[in-house]
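Inspection log for the structure reproduced underneath, given as structure tokens.
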Protein chains: 2
Amino acid sequence: MKNEQILLKSRPEGTPAEDNFEIRETEVPELKEGQVLIQSLYISVDPYMRGRMSTAKSYIEPFKVDEVISGGVVGEVVESKSDKLKAGDKVTGMLGWQRYNAMDASQIRKVDEQLAPLSAYLGILGTTGLTAYFGLLDIGQPKEGETVVISGAAGAVGMAVGQIAKMKGTRVVGIAGSDKKTEYLEKELGFDATINYKTTENIYKSVKKACPNGVDVYFDNVGGPISDAVTSLLNDFARVPVCGAISSYNITSLSEDMGPRIQPKLIKTRALMKGFIVSDYAPRFKEAARDLGQWLSEGKLKYEETIVEGFENVPQAFIGLFKGENLGKQIVKINQE
Amino acid sequence: MKNEQILLKSRPEGTPAEDNFEIRETEVPELKEGQVLIQSLYISVDPYMRGRMSTAKSYIEPFKVDEVISGGVVGEVVESKSDKLKAGDKVTGMLGWQRYNAMDASQIRKVDEQLAPLSAYLGILGTTGLTAYFGLLDIGQPKEGETVVISGAAGAVGMAVGQIAKMKGTRVVGIAGSDKKTEYLEKELGFDATINYKTTENIYKSVKKACPNGVDVYFDNVGGPISDAVTSLLNDFARVPVCGAISSYNITSLSEDMGPRIQPKLIKTRALMKGFIVSDYAPRFKEAARDLGQWLSEGKLKYEETIVEGFENVPQAFIGLFKGENLGKQIVKINQE
């Protein structure tokens with residue numbers, strides 16, 4: 001039994017490339033008391049991880065060069081030195097990008113394969129769903145009859161936001177990067193209107209047309225010129241949960257991310273903008289997981305996954321996020337050898 | 001007895017100029033039942049009024065060309081057809097820029113000349129004080145030991161914000177436009193550090209030096225490059241009450257007000273930015289007025305006024321705001337003829 005792990009070989013400049021990563025064969029780690037050995041089944045790749053590949057100050061430590069990258073993983077316990085978990089248990093947590101992780105049982109949580117497919121715990125029942133839930137409901141606070149605009153709407157978070165916003169009785173407008181995506185959002189998820197930002201001639205006019213009553217909540221996954229357009233259409237007392245800024249993640253110089261300053265608009269509308277990350281809400285995860293699980297079981301919440309197979313394809317799946325290749329949650333399924 | 005009034009003759013392009021205004025002699029208005037005739041004693045000129053001179057959508061109606069401009073005024077009732085007020089009462093409200101206003105008694109409020117000089121009701125006991133109070137305490141929520149940065153710190157609102165922030169046990173850093181102003185803030189109001197943005201070589205470095213522990217609350221009166229610098233130094237979970245953006249008020253094209261987009265910083269720090277105007281807090285004015293009055297009577301809250309005399313000088317006093325001529329609240333004292 002051999003382990004394989006993916007290391008950050010060098011920090012990306014601009015868009016990450018294959019040569020920023022290295023796959024290395026190594027020994028399966030030894031277990032200490034209280035630990036379990038987890039074989040990876042599904043690995044999550046997420047846009048926020050780009051931030052950790054830089055040295056810039058942020059809410060979590062940067063990855064170190066020549067060390068294993070870590071993120072959301074679902075796996076199976078194959079060996080246990082803890083009385084809390086036994087071989088065969090399915091678990092999830094923040095684990096290394098490797099075939100085998102040795103972890104303290106307290107750092108991971110068991111998941112229920114009966115409630116949902118295992119990969120869902122990396123998405124709608126995991127960070128994705130929680131991010132959508134808290135960003136929309138805690139910061140966005142949508143009210144019946146309001147208009148909610150979502151950028152990156154065909155990403156995993158965006159899809160969940162749109163469906164929850166629909167449950168709250170709002171008009172939901174999604175912005176995404178292909179006709180296939182916008183069609184999916186309208187036909188499968190019931191979005192009221194969508195915009196393909198890659199083909200529209202004028203994003204401002206498109207948003208304005210899609211939002212005849214203006215924008216009350218803007219769930220921002222992208223930043224950049226799309227957000228310039230949407231924020232210019234904010235209504236009085238609008239709320240803007242700032243969840244992601246994928247358009248800026250690969251920018252190497254601050255001067256490349258310039259746009260109209262937001263302050264005058266915030267004053268005129270008395271709008272609120274707030275950045276957040278899901279871990280800020282850890283004390284309330286239970287409440288959210290209960291709601292998400294119930295909506296899922298009632299069929300009110302659908303989710304989509306783009307699954308790539310093969311441990312060696314994790315870096316490529318990550319890089320693909322920045323090309324907008326994924327519909328919904330991008331996951332890598334690890335084939336067992 | 002003749003009335004005089006100041007009309008908006010034309011909409012300013014860029015910085016307002018004398019020829020945007022016209023003084024016209026007219027009749028003293030006739031009173032209807034329930035109204036009182038008020039002779040203006042003090043007229044307030046405020047940066048936000050520049051917004052009303054444009055046609056752009058905002059939180060209040062634009063002024064109309066060829067109509068009387070209105071704003072905060074303190075005056076004396078000289079004739080009454082209301083049982084709520086009598087001749088000799090001193091009152092304040094949103095009145096026209098004219099020597100005599102006829103107003104429903106319900107639209108104005110009586111003030112107490114014993115508690116504070118009349119002009120204070122246009123400043124520290126009026127909109128100015130309330131703006132500082134709610135912006136800082138409701139949105140900024142300063143906690144003991146935190147660092148509060150204030151731009152436009154030597155303006156009337158900025159001074160009040162700094163003193164209230166000091167009462168809350170914070171480190172207070174003020175940014176202003178002259179050594180006379182920064183000296184006043186440090187020596188008279190007890191600011192911990194100040195920056196003269198006109199003479200500093202690098203505003204970012206100056207703010208960084210003045211805030212060794214970063215910025216927890218940024219009370220923003222100015223927008224523009226100063227705010228770019230301060231917001232780049234926000235701490236985790238910082239709060240930014242966006243009160244004014246005087247640097248952009250005279251800009252005629254959106255493309256002149258470009259800066260680094262704020263979204264990535266908001267995500268990294270989970271900071272909150274919120275625009276506000278004081279009238280949003282009308283239901284809580286009583287609570288604030290009580291606190292402000294008490295602080296004033298205890299000597300904890302000082303205020304400064306720049307008083308110009310003469311009705312005919314109202315436009316010039318307003319224009320002077322954009323040159324940073326005022327220390328504290330800019331007021332025009334109306335000489336009685």
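No experiment lies behind these values; they were computed from the predicted model shown. To find a chain, count down the sequence lines: A is the first, B the second, and so on, and within it residues start at 1. What you see below is based on every heavy atom in this structure, not just the backbone, and it leaves out hydrogens, waters and symmetry mates.
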I'd like to know which of B:Val240, B:Asp228, B:Ile262 tops the heavy-atom pair count under 4.5 Å against chain A. B:Asp228

Greatest number of non-hydrogen atom pairs under 4.5 angstrom with chain B, of A:Gly244, A:Pro241, A:Gly259, A:Ala271, falls to A:Gly259

Taking every heavy-atom pair that is under 4.5 Å apart, which of B:Leu266, B:Asp280, B:Val242 has the most such pairs with chain A? B:Asp280

Is it the case that the side chains of B:Asn20 and B:Ser10 hold a donor-acceptor pair, with the cut-off being a distance below 3.5 Å and no angle test? yes

Quick one: do the A:Lys329 and A:Ser44 side chains pair a donor with an acceptor below 3.5 Å? yes

With B:Arg270 as the cation and A:Phe276 as the aromatic partner, state whether NZ or CZ is under 6.0 Å from the six-membered ring centre and within 45° of the axis. no

Only pairs at least two apart or in different chains count here, so list each salt bridge (Lys or Arg N to Asp or Glu O under 4.0 Å) that has a residue in residues 205-223 of chain B. none

Leading residue by heavy atom contact count with chain A [cutoff under 4.5 Å; candidates B:Gly224, B:Ser227, B:Pro264]: B:Gly224

